[in-house]
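Step one of this worksheet: look at the structure below.
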Amino acid sequence: MSKERPGYIVVEGPIGVGKTSLVKRLAKSFETDLMLEGAAENPFLERFYQDPRSGALPAQLFFLFQRVRQIEDMRQADMFQPVRVADFLMEKDQLFAELTLSAEELKLYQQVYAHVSVDAPVPDLVVYLQAPEEVLLKRISRRGIKYERKIDVEYLRKLSEAYSRMFLNYDAAPLLIVNTSSINLVDNDSEYEALLEQIHLTRTGRHYFNPMSEAI
């Protein structure tokens, strides 16, 4: 762990891909601060999964205000920490808004976003986790959160496609794209250490980590 490392790491990807589990392990490895999305704190999330039409806007606004507050707190804290890890990008708010809101709601949301959004710090590295929709659905089912039972393959397909579009031309920070379909970054130490090595090595550009084909 004495190698040079990025100062601010963000792990992103669709629901069920393992973002939060990975950032918790990274925070432990780097012995540093952890910034989590806090989905369990959103009182509108269960309503969204039960009835997306009525629950999408309040759920999105809650997440927006929550993220703004977290980033403000981060900017006010000691920025000389050796590394920080988070499981969300501010850019994901627009992704979910476009995916879940009606045209009228999206206009309102964008007006609110324009007034409350803060200048989020640019990550030193973004780790984008991917997995097929069927794998995501199995992982979501395995963790057993009651309101997530409403999530289906079609929603996960649209979400995964939205993430792919977002990262297609993403160049704000170095990007490490990880195929997680057949690896366990939480319980398998060798697979986690292999990813950690790639995190140390990724300093610029776009890179791929696919353990199945050993293509980096």
Side-chain angles (χ1 to χ4, degrees), residues 1-37 39 67 70-71 74 79 81-96 99 120-136 138-140 156-157 159-216:
M1 299 306 297
S2 62
K3 300 177 182 177
E4 183 182 357
R5 50 196 167 172
Y8 175 35
I9 304 170
V10 171
V11 179
E12 261 294 0
I15 183 173
V17 78
K19 300 184 296 294
T20 304
S21 297
L22 177 58
V23 297
K24 288 179 178 178
R25 188 161 191 186
L26 288 172
K28 185 176 181 179
S29 294
F30 290 126
E31 298 181 342
T32 190
D33 288 351
L34 176 64
M35 189 161 64
L36 298 178
E37 182 176 42
R67 279 191 252 281
Q70 288 175 301
I71 289 173
M74 178 180 176
M79 292 304 293
Q81 287 275 15
V83 66
R84 296 170 185 267
V85 291
D87 66 350
F88 66 89
L89 278 172
M90 276 302 299
E91 288 88 338
K92 81 181 300 177
D93 281 77
Q94 188 70 20
L95 179 156
F96 275 89
L99 183 67
V122 177
D124 295 286
L125 174 66
V126 175
V127 181
Y128 168 33
L129 305 182
Q130 296 178 317
E133 291 80 42
E134 293 77 9
V135 173
L136 297 176
K138 288 179 180 178
R139 292 176 182 173
I140 291 169
L156 292 174
R157 181 186 63 79
L159 182 58
S160 295
E161 290 175 352
Y163 267 103
S164 295
R165 289 193 298 271
M166 184 176 81
F167 283 115
L168 179 62
N169 299 308
Y170 181 85
D171 60 2
L175 181 64
L176 178 60
I177 301 173
V178 181
N179 177 2
T180 72
S181 59
S182 61
I183 60 175
N184 186 337
L185 297 173
V186 177
D187 302 315
N188 188 304
D189 290 341
S190 63
E191 291 172 347
Y192 172 73
E193 291 296 332
L195 175 62
L196 197 59
E197 180 71 16
Q198 293 307 309
I199 289 174
H200 283 300
L201 293 173
T202 304
R203 287 292 172 267
T204 60
R206 176 180 300 248
H207 301 265
Y208 297 86
F209 179 61
N210 184 352
M212 293 181 64
S213 61
E214 297 183 353
I216 306 303

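Nearest approach of Q70 to E37, heavy atoms of both residues: OE1-O, 4.3 Å. S181 approaches P132 most closely through the heavy-atom pair CB-CD, 3.5 Å. Taking all atoms of both residues into account, the shortest heavy-atom contact from A173 to V122 is CB-CG1, 4.2 Å. Between V85 and A27, the shortest heavy-atom contact is CG2-CB, 3.6 Å. Considering every non-hydrogen atom in both P14 and L129, the closest pair reads CD-O, 3.6 Å.
Taking the side chain as every heavy atom from C-beta outward, L159 and F96 approach each other to under 4.5 Å. Counting only heavy atoms from C-beta outward, the side chains of S21 and L185 never approach each other to under 4.5 Å. The closest side-chain heavy-atom distance from L26 to V127 is not below 4.5 Å. Counting only heavy atoms from C-beta outward, the side chains of Y170 and L89 approach each other to under 4.5 Å. Residues E12 and K92 form a side-chain contact, since some pair of their non-hydrogen atoms from C-beta on lies under 4.5 Å apart. Residues T202 and F209 have side chains not in contact (no heavy-atom distance under 4.5 Å, counting atoms from C-beta outward).
A distance of 6.0 Å separates CZ of F167 from CG of L175, quoted to the nearest 0.5 Å. Taking CD1 of I199 as the reference point, atom OH of Y192 lies at 6.5 Å (rounded to 0.5 Å). The CD atom of Q198 sits 13.5 Å away from the OH atom of Y208 when rounded to the nearest 0.5 Å. Remark: N188 CG to E193 CD distance equals 10.0 Å, nearest 0.5 Å.
The aromatic rings of F30 and H200 lie perpendicular to each other, with more than 60° between the two planes, well past the 30° mark.
Side chain of K19 to backbone of G13: a donor-acceptor contact under 3.5 angstrom is found. In this structure a side-chain-to-backbone donor-acceptor pair under 3.5 Å is present from R206 to L168. Between the side chain of Q130 and the backbone N or O of S160 there is no donor-acceptor pair closer than 3.5 Å.
By the 4.0 Å N-to-carboxylate-O rule, D124 lies too far from R84 to be salt-bridged with it. Between K138 and E134 no salt bridge is recorded (no basic side-chain N to carboxylate O distance below 4.0 Å).
Shown are D87, V186, L195; of these, the side chain to side chain contact (heavy atoms under 4.5 Å, CB included) with L22 is made only by L195.
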*asked:* What verdict does the side-chain contact (heavy atoms from CB on, under 4.5 Å) test give for L136 and I15, after you've listed the backbone C-alpha separation in whole Å, the side-chain angles of each residue and the deciding distance to 0.1 Å?
replied: CA-CA 7 Å; L136 297 176; I15 183 173; over 6 Å; no
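Remark: R139 pairs with no residue by the salt bridge (Lys or Arg N to Asp or Glu O under 4.0 Å) rule, at least two apart or across chains.
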